[in-house]
Amino acid sequence: PVWAKLALALAVSTLVTLAVAAGGYFASLRVESALEHVAGRGAPALDALATLRNAQTAIQRAERSLLIEEFQENPAERERQKADLAKYEAQADEAMKAYETLPGTADSEGWKAYQEAWQTWTTKHKKVLEFLQNDMRPGALALSMREARQALVSVEEALEALHGQEREAARSFAAQALPQARRERGLLLALAALAVLLSAGLTLVVTRNINRPLKKTLAFAERVAGGD
């Protein structure tokens, strides 16, 4: 019967539409997961490391400024440099806490190496400030240019290693996520094309099955009208 064919066509078209919708829904979930990973892990990690880099550069700059003899004779400038030290040390502490709370960072070897290097450098940095506080500028200068400088190089190397790890993790994630997204896009396009073809085919079949009886009925009516 015609109604059965119509029902079948509607059912098949509905199933294909549901398949396309389901594919799109699950693809959107995976895209959402990828965006959450970038927003919740990748971007905050790089932001925290960038803040640490800026902070340690600013701390070193303030230390070098305090070592200048003219600054030691300028109380206002000396206090300004000390205020900068406190500001950037607080920024570094906040950045460390932010980075450490991210998934998979607290126990990483790279982060532990950075923390050890940072602790060594800050210990020597504070010793430099202590020498300056006690009017021992030659000792502060020697410590800053030798041991403290070497410790800072270790901090910079450890920080660069962390940056490298984060960049590699981002590249690895992209290498996995992008091909999967392309496959899902291709699947959705294939399902959509299949839905269009099936709908067109079913429409043609149903139309023919409806037209055929109508043509017969019309032909019969014409014959009756003609006295046959």
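The first residue in the sequence is number 1, and the count goes up from there.
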> Starting at CD of Gln91, measure out to CG of Asp93 and round the result to the nearest 0.5 Å.
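If we round to the nearest 0.5 Å, Gln91:CD and Asp93:CG are 10.5 Å apart.
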
> Taking C-beta and beyond as the side chain, do Gln60 and Glu63 meet within less than 4.5 Å on heavy atoms?
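Touching, per the 4.5 Å side-chain cut-off.
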
> Can you check whether Trp118's main-chain N or O pairs, donor with acceptor, with Thr122's side chain at less than 3.5 Å?
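The answer is yes, because a donor-acceptor pair under 3.5 Å joins these two groups.
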
> Please round to the nearest 0.5 Å and tell me the distance separating atom CG of Leu52 and atom CG of Asp47.
11.0 Å

> Do the side chains of Ser154 and Thr120 get nearer than 4.5 Å, heavy atoms only?
no

> Heavy-atom distance under 4.5 Å between the side chains of Asp84 and Gln81, does that happen here?
yes

> Looking at CD of Gln56 and OG1 of Thr51, how far apart are the two atoms once the value is rounded to the nearest 0.5 Å?
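Gln56 CD to Thr51 OG1: 11.0 Å, rounded to 0.5 Å.
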
> If you measure from CE on Met145 to CG on Leu143, what distance do you get to the nearest 0.5 Å?
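One finds 11.5 Å between CE of Met145 and CG of Leu143.
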
> Is the closest basic N to carboxylate O distance between Glu77 and Arg80 below 4.0 Å?
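So Glu77 pairs with Arg80 through a salt bridge.
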
> With side-chain contact (heavy atoms from CB on, under 4.5 Å) as the criterion, how do Met96 and Tyr99 come out once you've worked through the C-alpha distance, each side chain's angles and the decisive distance to 0.1 Å?
CA-CA 5 Å; Met96 285 185 175; Tyr99 186 81; 5.9 Å; no

> Could you name each residue pair satisfying salt bridge (charged side-chain N to carboxylate O under 4.0 Å, His left out) that touches residues 143-153, not counting sequence neighbours?
Lys124-Glu147

> Between Val155 and Val153, is there a shared hydrophobic cluster once you connect ILVMFWY residues whose side-chain heavy atoms come closer than 4.5 Å?
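No: no chain of side-chain contacts under 4.5 Å links Val155 to Val153.
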
> Minimum heavy-atom separation for Tyr88 and Ala55, please, with both atom names.
O-CB, 3.5 Å

> Assess whether side-chain contact (heavy atoms from CB on, under 4.5 Å) is satisfied between Glu109 and Lys112, documenting all intermediate values.
CA-CA 5 Å; Glu109 293 301 320; Lys112 290 179 181 178; 4.2 Å; yes

> Does Arg137 use its side chain to pair, donor to acceptor, with the backbone of Leu67 at less than 3.5 Å?
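Judged by distance alone, yes, a pair lies under 3.5 Å.
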
> Are the side chain of Ser144 and the backbone N or O of Leu141 linked by a donor-acceptor pair below 3.5 Å?
no

> Atom CZ in Arg78, atom CG in Leu132: separation rounded to 0.5 Å?
9.5 Å

> Can you tell if the side chain of Glu156 reaches within under 4.5 Å of the side chain of Trp121, non-hydrogen atoms only?
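SC-SC contact between Glu156 and Trp121 ruled out.
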
> For the residue pair Gln133 and Glu130, establish whether any side-chain heavy-atom pair is separated by less than 4.5 Å.
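Of all side-chain heavy-atom pairs linking Glu130 with Gln133, none is under 4.5 Å.
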
> Check the orientation of Tyr114 and Trp111. Use parallel for under 30°, tilted for 30 to 60°, and perpendicular for over 60°.
parallel

> For Leu85 and Leu129: C-alpha separation, side-chain torsions, deciding distance, then whether side-chain contact (heavy atoms from CB on, under 4.5 Å) applies.
CA-CA 10 Å; Leu85 281 174; Leu129 298 181; 3.9 Å; yes

> State, without any angle test, whether Ser108 and Gln165 hold a side-chain donor-acceptor pair at a distance under 3.5 Å.
no

